[in-house]
Amino acid sequence: IPRKDGIVHLGLSHNRISDISPLLKNPGLDQGDGLDLRGNPLNDEAYKTHIPALQQRGVFVLFDPKPSGEVIAFADPRLEHAVREQLGLRGRPLHRSDLQQMERLDLEGKAVRDLDVVSAMGQLEVLDLRATDVDDLSPLQGLRNLRHLRLLATKVSDLSPLGEITDLQALCCGNPSITHIDPVATLTNLMWFGIADCTVNDLSALAGLGELRALMVRETEVSDLTPL
């Protein structure tokens with residue numbers, strides 16, 4: 001690419017590029033130019049040699065951190081597709097470091113069932129599972145940074161894995177097989193709670209939630225409002 005007057009920006013994001021050595025031979029990339037390499041399966045030489053050399057020439061390079069940790073094996077291909085889509089990564093295996101950087105994961109309507117690898121998303125703050133086939137929340141147990149969780153129209157019946165996520169601030173859930181909300185009693189930082197379309201008939205678990213600011217109870221078996 002011949003350089004002309006003015007700043008050059010070369011956008012190469014989200015392809016299958018591993019070898020960027022041809023860019024080093026291009027005199028058109030120089031001081032003040034921009035290069036976007038995000039979302040590419042860059043090889044080791046790109047990280048060790050080529051990107052630093054371009055930066056030394058004054059090129060502003062955007063690139064993903066070099067992946068580290070073990071390669072992640074997904075039990076549910078629909079979950080892998082959703083994660084890749086949100087990370088903007090294709091053409092290379094996903095590593096633990098890729099998952100560890102995720103702060104949000106939107107799976108609404110994706111027909112995902114198995115959340116196995118979500119346990120590796122230690123920085124996850126927002127998780128939307130609405131209208132999925134998820135029935136087991138145990139992979140969420142160690143997600144200490146999780147703040148917002150949406151579970152409406154899932155197949156979840158057991159909320160007990162949420163009991164230790166004490167910094168959770170917003171939770172909505174709904175499924176006919178949910179019969180009680182006892183695990184919610186330990187979520188003392190909960191500010192918004194919603195329960196719908198289930199057979200819950202007792203709100204006693206909410207009595208000690210002093211931070212609760214908004215409550216939605218709809219299409220349940222609740223008749224006694226004393227806990228409120």
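None of these values were measured; they are calculated from a predicted model. The analysis underlying the following values was restricted to heavy atoms, covering all of them including side chains, and did not include hydrogens, waters or symmetry mates.
Side-chain heavy atoms closer than 4.5 Å link hydrophobic residues (I, L, V, M, F, W, Y) into clusters, and following such links, even through other members, never connects Leu29 to Leu62.
Every side chain to side chain contact (heavy atoms under 4.5 Å, CB included) that Thr179 has, sequence neighbours left out, goes to Thr199. With sequence neighbours excluded, the residues that form a side chain to side chain contact (heavy atoms under 4.5 Å, CB included) with Asp19 are Ser21, Pro22, Asn43, His50. Looking at residues two or more places apart in sequence or on another chain, you find a side chain to side chain contact (heavy atoms under 4.5 Å, CB included) between Glu85 and His81, Lys110. Residues meeting the side chain to side chain contact (heavy atoms under 4.5 Å, CB included) test with Arg130, sequence neighbours left out: Glu108, Asp128, Arg150, Leu152.
Just one residue in the list Val184, Thr188, Asn189, Leu149 forms a side chain to side chain contact (heavy atoms under 4.5 Å, CB included) with Leu168, and that residue is Leu149. Paired with Leu115 under the rule side chain to side chain contact (heavy atoms under 4.5 Å, CB included), one option of Asp136, Leu129, Asp76 passes, and it is Leu129.
To the nearest 0.5 Å, the span separating CG on Asp135 from CG on Asp158 amounts to 10.5 Å.
Between the His14 side chain and the Gly39 main chain, no donor and acceptor come within less than 3.5 Å of each other.
More than 12 heavy atoms of other shown residues, nucleotides or ligands fall within 6.0 angstrom of atom CZ in Arg78. Annotation for Gln56: atom CD does not count as buried by contact number, only 12 or fewer foreign heavy atoms lying within 6.0 Å. Within a 6.0 Å radius of CZ in Arg104, no more than 12 heavy atoms belonging to other residues, nucleotides or ligands are found.
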- [ ] Step by step, work out the salt bridge (charged side-chain N to carboxylate O under 4.0 Å, His left out) result for Arg96 and Glu70.
- [x] CA-CA 6 Å; Arg96 179 169 290 273; Glu70 72 270 28; 2.7 Å; yes
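Within the 4.5 Å cutoff, side-chain heavy atoms of Leu89 are placed close to those of Asp98. Asp167 is not listed as a side-chain neighbour of Leu146, based on a closest heavy-atom distance of 4.5 Å or more.
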What pairs of donor and acceptor atoms, side-chain ones from residues 220-228 against any protein atom, are under 3.5 angstrom apart with sequence neighbours left out?
from, atom 1, to, atom 2, distance (Å)
Thr220, OG1, Val222, N, 3.1
Asp224, OD1, Thr226, N, 2.9
Asp224, OD1, Thr226, OG1, 2.5

Output side-chain donor-acceptor pairs under 3.5 Å for residues 206-219, partner residues at least two apart or in another chain, one line each.
from, atom 1, to, atom 2, distance (Å)
Arg213, NH1, Gly210, O, 3.2
Arg213, NH1, Glu211, O, 3.1

